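Owing to the predicted nature of the structure, the values given are computational and were not obtained by experimental measurement.
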Amino acid sequence: MQRGAVAADRLGGGRTVLGGETQGEQGIARLGLVVVDGHAAVDVAQVRDHPAARRIDVGEQTREGVGTDRVMERREVRPVGLGDGGRDQQQGRHGQQASKFVVHSPSMVVYKGKFSTTKSGRSTMTIRCRFAPSPTGNVHIGNMRAAIYNWLFARHHGGQFLLRVEDTDRERSTPEAVQTVLNAMDWLGLTVDEVPMYQSTQRDAHLAAAEQLLTAGRAYKLDKGGTGKGEAILFRMPGSDMTYRDLIKGDQQRPASSPTMSDFVIVRSDGNPVFHLANIVDDINQGITHVIRGDDHVDNTFRHIALIQALGAPVPTYAHLPMIVNQQGKPYSKRDGAAFVGDFQDQGFLADALFNYLVLLGWSPGDDREVLTRDELVTLFTLDRVQSKPAQFDMKKFQWMNSEYIQRSPDAEWSRRFRDAFPEATDDAYLAQVITLMKPRVKVWADIATAAYFFREEFPVDADAYAKRLGTPEARAQLAALTAQYANLPSFDATALETALRTTAESLGLKPADLIHPVRLAVSGQPGGPSLFHLLETIGRNRALNRLNKAIRA
RNA sequence: GCCCCCAUCGUCUAGAGGCCUAGGACACCAGGUUCUCAUCCUGGUAACACCGGUUCGAAUCCGGUUGGGGGUGCCA
């Protein structure tokens with residue numbers, strides 16, 4: 001038995017990942033297994049993405065020991081392609097040494113597995129992901145979710161997250177449109193690890209790749225469709241069946257006869273490179289190891305892999321995300337509501353809330369947690385838990401998520417928001433009291449505006465409610481009786497205010513509520529709001545009496 | 001048309017053959033707390049698309065049906 005570093009991570013649901021590097025004569029191997037409630041079970045899906053043991057593939061597998069109370073699984077596991085993206089690491093190429101591991105979990109369950117080792121000691125592959133938006137002036141939430149998943153994946157694995165601006169459409173790719181992308185990423189805290197690449201600067205590289213393919217006989221010139229526009233350059237597909245493993249959608253395959261496997265244009269007759277060519281050349285040059293993008297690219301992936309192979313470059317790993325849809329199951333668009341990152345920003349939603357919600361739209365940590373910090377998301381995020389079906393954007397749930405983040409905002413943020421809304425708020429102690437009263441009533445920051453009566457004599461008045469509670473001479477007379485009591489209170493505090501109101505109500509033959517509502521309207525103009533007596537105490541005797549007297553005279 | 005993918009409460013999801021009488025969250029409904037609104041607490045309605053097969057046992061595996069979605073450009 002060999003020894004090596006072992007890391008344990010709790011996955012939730014009673015599962016723990018044990019993973020680690022194991023050093024043997026042949027080099028370093030990685031393994032991983034999952035212990036469920038003390039029972040060992042190799043869990044390829046969970047382990048594949050685990051930093052301690054990625055890219056593990058299943059060989060033969062057996063299941064045994066289905067007992068009445070215990071389930072034990074034993075599978076043979078073969079790590080594939082450690083350190084090189086998996087492309088050129090074929091079994092048998094490096095020394096493969098079968099070894100056995102015996103792991104003693106608390107209940108003495110034994111796992112035995114075979115694994116091969118890589119020859120090189122340099123077995124850590126640095127993961128490099130990218131977000132490659134085409135700047136159109138808006139950033140759709142579906143695209144942003146893809147960016148978020150890329151970012152999380154990179155951060156989870158300690159890799160790099162890059163930005164590539166696919167700005168070859170000169171019409172739409174204005175500086176402003178590019179800035180919109182940058183702003184959206186900045187707002188959401190999607191930090192990048194290298195200076196952004198602008199695709200328009202890579203034209204020479206794209207065309208050079210086309211030349212290389214032409215020279216190698218993998219591309220040819222043709223006036224496709226006999227348009228008379230001249231000759232375009234077409235890529236010659238391999239003519240054999242293709243398969244690839246998608247980290248989200250699983251194994252994908254196309255027979256050579258499939259329509260997606262036919263030759264396609266890579267350079268237009270006007271000399272401009274087509275998306276497919278530009279995209280993969282840039283991916284190669286940026287050293288992208290993992291491509292995480294929308295699932296409208298699944299079919300393109302076969303073309304991209306063929307192109308990359310024809311250029312002799314390593315093929316990245318792919319993961320395709322389903323799209324975000326509306327209530328009709330159609331792609332979520334502007335007409336379905338806020339669809340662009342800027343919309344959410346403009347409407348005062350919190351970036352962290354949108355980030356959290358978007359992550360949860362099609363992914364879950366596997367347990368019941370939903371409100372998660374950035375750090376927790378980085379730790380928990382794995383692609384194998386990403387749903388492979390479209391998800392509907394639920395504004396109600398997002399609003400709930402946003403309110404959760406508002407309630408958790410630090411005191412300083414609350415103060416800042418109030419000061420922005422009310423420059424009159426200069427007294428820190430007073431502001432703190434107001435915030436205490438208003439906090440549970442703020443669902444979106446804009447709700448702060450309803451607290452105007454704490455700071456100004458000019459505040460919105462609900463005319464209907466006012467007329468209902470203070471529209472009659474009797475009501476104003478009753479209010480006057482109470483006001484007289486309030487004017488003489490030794491201490492203008494909540495307890496005294498409440499006692500005085502209740503005794504006054506009793507002496508007038510009224511229920512407390514019959515006085516409470518008119519007072520509230522008189523001092524705040526609103527039918528609802530914080531505890532009335534605390535509200536009165538906070539605004540103080542002078543302001544309270546002034547407003548009450550004004551209401552009485554009206 | 002052809003190629004491909006998907007299918008659990010209204011919505012987001014948990015679920016990897018027995019822990020499922022299917023769990024959580026949002027939404028909704030009903031109670032409670034309360035001076036109103038909000039918060040908060042308690043409870044409730046609500047789903048394995050359908051039909052077959054495999055198995056002692058299926059939400060889970062297989063096949064088919066239906067339904068949805070994506071792709072099918074000298075767009076990206």
Side-chain angles (χ1 to χ4, degrees), chain A residues 12-13 36-37 41 43-46 63 66 68-69 71 73 132-134 136 166 168-169 172 222-225 227 229-234 246 249-250 252-255 257-262 264-270 272 274-276 278-279 294-300 320 322-323 325 327-331 357 360-371 385 387-401 403 407 438-443 447 450 465 498 501-502 505 511-517 519-521 524 526-533 535:
Chain A
V36 184
D37 293 328
D43 188 326
V44 175
Q46 295 280 12
R63 200 198 76 199
V66 180
T68 52
D69 59 347
V71 175
E73 292 195 347
S134 160
T136 59
E166 302 209 331
T168 49
D169 181 343
R172 294 206 287 179
L222 177 72
D223 180 3
K224 192 183 179 203
T227 58
K229 284 189 288 186
E231 290 188 320
I233 301 177
L234 277 75
D246 193 295
K249 292 185 169 299
Q252 305 290 314
Q253 63 287 124
R254 295 287 184 281
S257 60
S258 166
T260 71
M261 298 288 281
S262 54
F264 59 97
V265 173
I266 54 176
V267 178
R268 297 188 194 94
S269 52
D270 65 5
N272 287 318
V274 165
F275 158 76
H276 302 293
N279 188 265
D295 69 2
D296 49 331
H297 285 302
V298 169
D299 277 83
N300 289 338
H320 287 95
M323 54 178 53
V325 298
Q327 290 184 0
Q328 286 74 41
K330 303 288 184 188
Y357 180 76
L360 243 37
L361 199 57
W363 176 88
S364 85
D367 55 32
D368 294 338
R369 287 178 291 176
E370 294 196 313
V371 181
R385 295 202 64 86
Q387 211 77 23
S388 65
K389 65 180 179 191
Q392 277 188 34
F393 188 92
D394 183 349
M395 185 52 79
K396 284 271 182 54
K397 182 146 187 175
F398 169 63
Q399 284 169 339
W400 164 79
M401 178 72 78
S403 69
Q407 291 302 315
M438 288 301 296
K439 206 166 183 175
R441 274 157 269 261
V442 175
K443 308 285 261 180
D447 290 341
T450 62
E498 178 162 10
L501 183 139
R502 287 184 186 278
K511 287 179 292 185
D514 295 332
L515 278 179
I516 287 168
H517 292 299
V519 174
R520 178 183 298 284
L521 264 305
S524 77
Q526 302 302 311
S531 157
L532 178 65
F533 306 110
L535 187 163

Expressed in angstrom and rounded to an integer, what is the separation of M323(A) atom CE from G70(B) atom P? 6 Å

Are any side-chain N or O atoms of D246(A) and backbone N or O atoms of H320(A), one a donor and one an acceptor, separated by less than 3.5 Å? yes

Base, sugar-phosphate, or nothing for A391(A), non-hydrogen atoms under 4.0 angstrom? sugar-phosphate

Taking the same atom, C1', in G24(B) and in G31(B), what whole-Å distance lies between them? 22 Å

Just by modelled atom types, is the K439(A) backbone N or O under 3.5 Å from a matching donor or acceptor in the Q407(A) side chain? yes

Using a 4.0 Å heavy-atom cut-off across all strands, classify D295(A) as base, sugar-phosphate, or nothing. sugar-phosphate

Give N300(A) one of three labels, base, sugar-phosphate or nothing, depending on what nucleic acid heavy atoms sit under 4.0 Å from its own. base

Indicate, with a heavy-atom threshold strictly under 4.0 Å, whether G362(A) touches base, sugar-phosphate, or nothing. sugar-phosphate

Report which part of the nucleic acid E370(A) touches: base, sugar-phosphate, or nothing (heavy-atom distance under 4.0 Å, all strands). base

For G44(B) versus U55(B), give the span between their P atoms, rounded off to a whole number of Å. 40 Å

Separation of C74(B) atom C1' from D223(A) atom CG, nearest Å, is 10 Å

Euclidean distance, atom CE of residue M401(A) to atom C1' of U13(B) [Å, nearest integer]: 12 Å

Can you tell me whether the side chain of R254(A) and the base of C4(B) have a donor-acceptor pair closer than 3.5 Å? no

For L361(A), answer base if it contacts any base atom (sugar-phosphate contacts may also be present), sugar-phosphate if it contacts only those atoms, and nothing otherwise; contact means non-hydrogen atoms under 4.0 Å. sugar-phosphate

For the side chain of Q253(A), starting at C-beta, report the closest nucleotide among C74(B), C35(B), C5(B). C5(B)

Is the backbone of P530(A) close enough, under 3.5 Å, to the side chain of R520(A) for a donor and an acceptor to pair up by distance? yes

I'd like the P distance from G23(B) over to A49(B), given in whole Å. 16 Å

Report which part of the nucleic acid S531(A) touches: base, sugar-phosphate, or nothing (heavy-atom distance under 4.0 Å, all strands). base

Figure out the CE/P separation between M438(A) and U36(B), and round it to whole Å. 17 Å

Send over the distance from H320(A) NE2 to G71(B) P, rounded to a whole Å. 12 Å

With a 4.0 Å cutoff (strictly under), does any side-chain N or O of R369(A) reach OP1 or OP2 of U13(B)? no

When you compare A14(B) with C48(B), how far apart are their C1' atoms, in angstrom units rounded to a whole number? 13 Å

Below 3.5 Å, does any donor atom in the side chain of K397(A) face an acceptor in the base of A25(B), or the other way round? yes

Give a yes or no answer on whether the side chain of Y357(A) reaches the backbone of D394(A) with a donor-acceptor pair at less than 3.5 Å. yes

Side-chain donor or acceptor of S269(A) under 3.5 Å from a matching atom on the base of C74(B)? yes

Validation row: L360(A), K397(A) side chains within 4.5 angstrom (heavy atoms): no

Rounding to the closest angstrom, what is the interatomic distance between A47(B) and G10(B) at atom P? 7 Å

Looking for any heavy atom pair under 4.0 Å, which part of the strands does K224(A) touch: base, sugar-phosphate only, or nothing? base

Taken to the nearest whole Å, CZ/R385(A) to P/A14(B) is 6 Å

Can you measure W400(A) atom CH2 to U39(B) atom C1' for me and round it to whole angstrom units? 15 Å

So which atom in Q327(A) and which in Q392(A) form the shortest heavy-atom distance, rounded to 0.1 Å? CA-OE1, 3.7 Å

For U54(B) versus U60(B), give the span between their C1' atoms, rounded off to a whole number of Å. 13 Å

Could you work out the separation of U11(B) and U72(B) based on their P atoms and round it to a whole Å? 28 Å

Whole-Å C1' distance, U8(B) and G15(B): 9 Å

